[in-house]
Amino acid sequence: MLTVEKIGGTSMSQFKDVLENVIVGKRKPEEMYNRIFVVSAYNNVTNWLLEHKKTGEPGVYVQFLENADYSIGLDSLCQRLLLINKGFEEIGLNLLEAREFITFRLKQAKTMLHSLSKVLASGYVNAEDICLAAREILASIGEAHSAWNTVNILNNNGISARFIDLCGFNDSLPLTIDERIHRAFKGVDFSKDVCVATGYTKGTEGIMRAFDRGYTEVTFSKIAVEVNADEAIIHKEYHLSSADPNIVGVDKVVPVGRTNFIVADQLADIGMEAIHPKASKPLELANIDIRIKNTFEPEHPGTLITKEYVSEIPKIEIVSGTDKVLAVEIHDPMMVGEVGFDLRIMQIFAKYNVSYILKSTNANSITMVVWDNYKSREMITDLETTFYQVIVERVALVCVMGTNIALPGFLYRASKALFQKGINVESFAQSLRQVNMQFVIKREFYKDAVIALNDELCIEK
């Protein structure tokens, strides 16, 4: 059985546990192989390289954009990476060899960024393309660092491992992402080596341009399809659970166990990604199942995501959501019966590259829920100058999901649970497929809503 397995950044930072639980475990030596690992950068490294994903705190990339001394930023980053390396010495990392690898890779990056800054200063090129190229170069460093270290540790522990460097630092071949992956794995005997691939893949289309921070899972997906894997496994520091244990408590959640790609898409739409939607589609089309496993509970089978699964018993599988969204309502007394009114709205959404999560309408109002970020705020200014009345509220979105919830009673129980906590439903949406009930509520009630819905719908009474 050939598996492709992704290890996230938080798990990679606790690599001793990954080595013991995921890579070695209770396997016999001959059972160690026929596995490809796709690794993320260690926790926070990509934030240091680019910008913090949640807070926006600037990294080296922002220094490059602002024409600051990114060279000093890379030197500072190097010291941080060497400190990370030191933490793995006890499990077999050769610190001298590891230092040589990452310092040389950073030296290469400096040279490339210096060349890009000179070209940018000339004023004869598209500045956006140059900046995106710099972003690609910087993003790749984190995965190269963690993948090389992983191979070094495995080899030093008697496990034959091969470094699959998809970053393309040492060639100028104009390959697409798919072509580079095909070239890297062509002729590899998976029965003899554990392959460790960088989560970043260089390609002419630009993996950051196309997928931004979801690129590691896209690489993982494309490798699984390329080698026709029997299963694609994602190792996380937690189970895919009925709700967020940080909100409802560890003792109040249960692992989902089984679900399908449709529910995985619903999770991705609200930012609670079991897997990036652009990564799940190729796997779904190739009929490759996805398994989400907890790094720290290796004996647990985790959650299996398949194409055809529908629960035999009607049940709510997951309560999730986000408190980082805006409700944007466009009201116009003349809207009623006007064909194409919402097309005008969507044209502005497309202009700012904003996608809505929920849409609810009546005769003269359209309410959409969008992410609370700078793109949405810029778009709202445009909407306010175009339409009769635009109302914006900072809200939360809480969702109740499952593969088999098209049954009378679930909506009633969910609404009642919110009512009993004094939480009003500001807006609501559910499609005919009935896999996801979406409730818009006041932002301050988000955690209370998740707890109430999880207690009512997911915990056995």
Side-chain angles (χ1 to χ4, degrees), residues 8 10 54 234-275 277 290-297 300-305 309 311 313-325 357-358 369 371 395-405 407 409-426 428-430 434-461:
T10 303
K54 294 181 179 179
I234 299 176
H235 298 279
K236 293 180 177 285
E237 63 276 12
Y238 49 80
H239 285 293
L240 181 61
S241 301
S242 59
D244 185 345
N246 294 318
I247 294 176
V248 304
V250 176
D251 59 332
K252 290 292 186 75
V253 298
V254 292
V256 173
R258 293 201 68 181
T259 191
N260 62 28
F261 281 94
I262 295 172
V263 171
D265 288 344
Q266 310 309 307
L267 285 169
D269 203 36
I270 54 171
M272 306 298 289
E273 294 177 3
I275 182 171
I290 303 171
R291 189 179 297 275
I292 312 293
K293 293 203 66 176
N294 185 328
T295 301
F296 309 105
E297 291 187 37
H300 196 287
T303 296
L304 187 66
I305 302 173
Y309 175 78
S311 174
I313 303 169
K315 65 175 182 177
I316 301 302
E317 294 166 5
I318 303 172
V319 174
S320 189
T322 176
D323 59 355
K324 296 177 176 58
V325 289
I357 306 169
L358 171 150
V369 172
W371 290 105
V395 297
L397 182 67
V398 62
C399 304
V400 174
M401 292 170 268
T403 56
N404 183 3
I405 64 173
L407 192 76
F410 280 131
L411 177 56
Y412 162 75
R413 290 173 61 193
S415 301
K416 183 181 177 182
L418 295 174
F419 163 74
Q420 289 175 335
K421 291 292 184 181
I423 301 171
N424 186 50
V425 177
E426 307 295 324
F428 172 80
Q430 182 183 49
Q434 296 190 50
V435 294
N436 185 5
M437 295 183 287
Q438 298 175 296
F439 299 91
V440 180
I441 60 174
K442 296 291 186 185
R443 191 173 284 191
E444 60 265 30
F445 297 127
Y446 174 65
K447 290 185 178 180
D448 290 340
V450 172
I451 293 169
L453 292 170
N454 180 71
D455 287 350
E456 171 61 32
L457 300 170
C458 299
I459 302 301
E460 292 186 10
K461 305 296 183 181

inquiry  = A side-chain contact here means heavy atoms from C-beta on lying under 4.5 Å apart; do T295 and E237 qualify?
reply    = no
query = If you round to the nearest 0.5 Å, how far is CD of E426 from CZ of F445?
reply = 9.0 Å
request  = Could you check T403 against E317 for side chain to side chain donor-acceptor pair (under 3.5 Å), going step by step and ending with a plain yes or no?
outcome  = CA-CA 8 Å; T403 56; E317 294 166 5; 2.6 Å; yes
task = Please assess I290 against I234 for the test side-chain contact (heavy atoms from CB on, under 4.5 Å), listing each intermediate value before the final yes or no.
result = CA-CA 7 Å; I290 303 171; I234 299 176; 4.2 Å; yes
remark   = CD1 of I292 to OG of S241, rounded to nearest 0.5 Å, is 11.0 Å
task = Check for a donor-acceptor pair, side chain of N404 on one end and backbone N or O of S311 on the other, with a separation under 3.5 Å.
result = yes
ask   = Counting N and O atoms only, with roles assigned by atom type, does the side chain of Q434 sit under 3.5 Å from a partner on the main chain of Q430, one being a donor and the other an acceptor?
value = no
key: Side-chain touch T322/W371, heavy atoms, less than 4.5 angstrom   = yes
request  = Measure across A417 and E456 and return the closest heavy-atom pair with its distance rounded to 0.1 Å.
outcome  = CB-CB, 3.9 Å
inquiry  = Please tell me whether S320 and D244 have a donor and an acceptor in their side chains that are separated by less than 3.5 angstrom.
reply    = no
key: Spacing of L418 atom CG and I423 atom CD1 [to the nearest 0.5 Å]   = 5.5 Å
request  = Check V253, L457, I316 against S242 for a side-chain contact (heavy atoms from CB on, under 4.5 Å) and give me the one that passes.
outcome  = V253
ask   = Which pair of non-hydrogen atoms, one from I357 and one from L397, has the smallest distance, and what is that distance?
value = CG2-CD2, 3.6 Å
request  = Compare all side-chain heavy atoms of R291 with those of P301 and state whether any distance is below 4.5 angstrom.
outcome  = yes
task = Check for a donor-acceptor pair, side chain of Y446 on one end and backbone N or O of G321 on the other, with a separation under 3.5 Å.
result = yes
request  = For the pair L411 and F428, evaluate side-chain contact (heavy atoms from CB on, under 4.5 Å) and give the outcome as yes or no after the intermediate values.
outcome  = CA-CA 11 Å; L411 177 56; F428 172 80; 3.6 Å; yes
message = Quick check for you: to the nearest 0.5 Å, what is the distance between N424 atom CG and S415 atom OG?
response = 10.5 Å
request  = Could you check if a side-chain atom of M401 sits within less than 4.5 angstrom of a side-chain atom of L267, using non-hydrogen atoms only?
outcome  = yes
message = If I compare all heavy atoms of H239 with all of G302, which pair ends up nearest, and what's the gap?
response = ND1-CA, 4.5 Å
request  = For residues C458 and V319, report the shortest heavy-atom separation together with the two atoms involved.
outcome  = SG-CG2, 3.8 Å
inquiry  = Using side-chain heavy atoms (C-beta onward) and a distance below 4.5 Å, is V440 in contact with V425?
reply    = no
request  = Flag the pair N436 / V400 as yes when at least one side-chain heavy-atom distance between them is below 4.5 Å, and no otherwise.
outcome  = no
ask   = Nearest heavy-atom pair of I405 and K315: which atoms, and what distance?
value = CG2-O, 3.2 Å
message = If you define the side chain from C-beta out and look only at heavy atoms, does anything of M437 sit under 4.5 Å from F410?
response = yes
inquiry  = Could you check whether any side-chain N or O of R443 sits under 3.5 Å from a backbone N or O of A396, counting only pairs where one atom can act as donor and the other as acceptor?
reply    = no
inquiry  = To check you understand the geometry: which heavy-atom pair defines the closest contact between I270 and C399, and what is its length?
reply    = CG2-SG, 4.0 Å
key: Y309 and L304, any side-chain heavy atoms less than 4.5 Å apart   = no
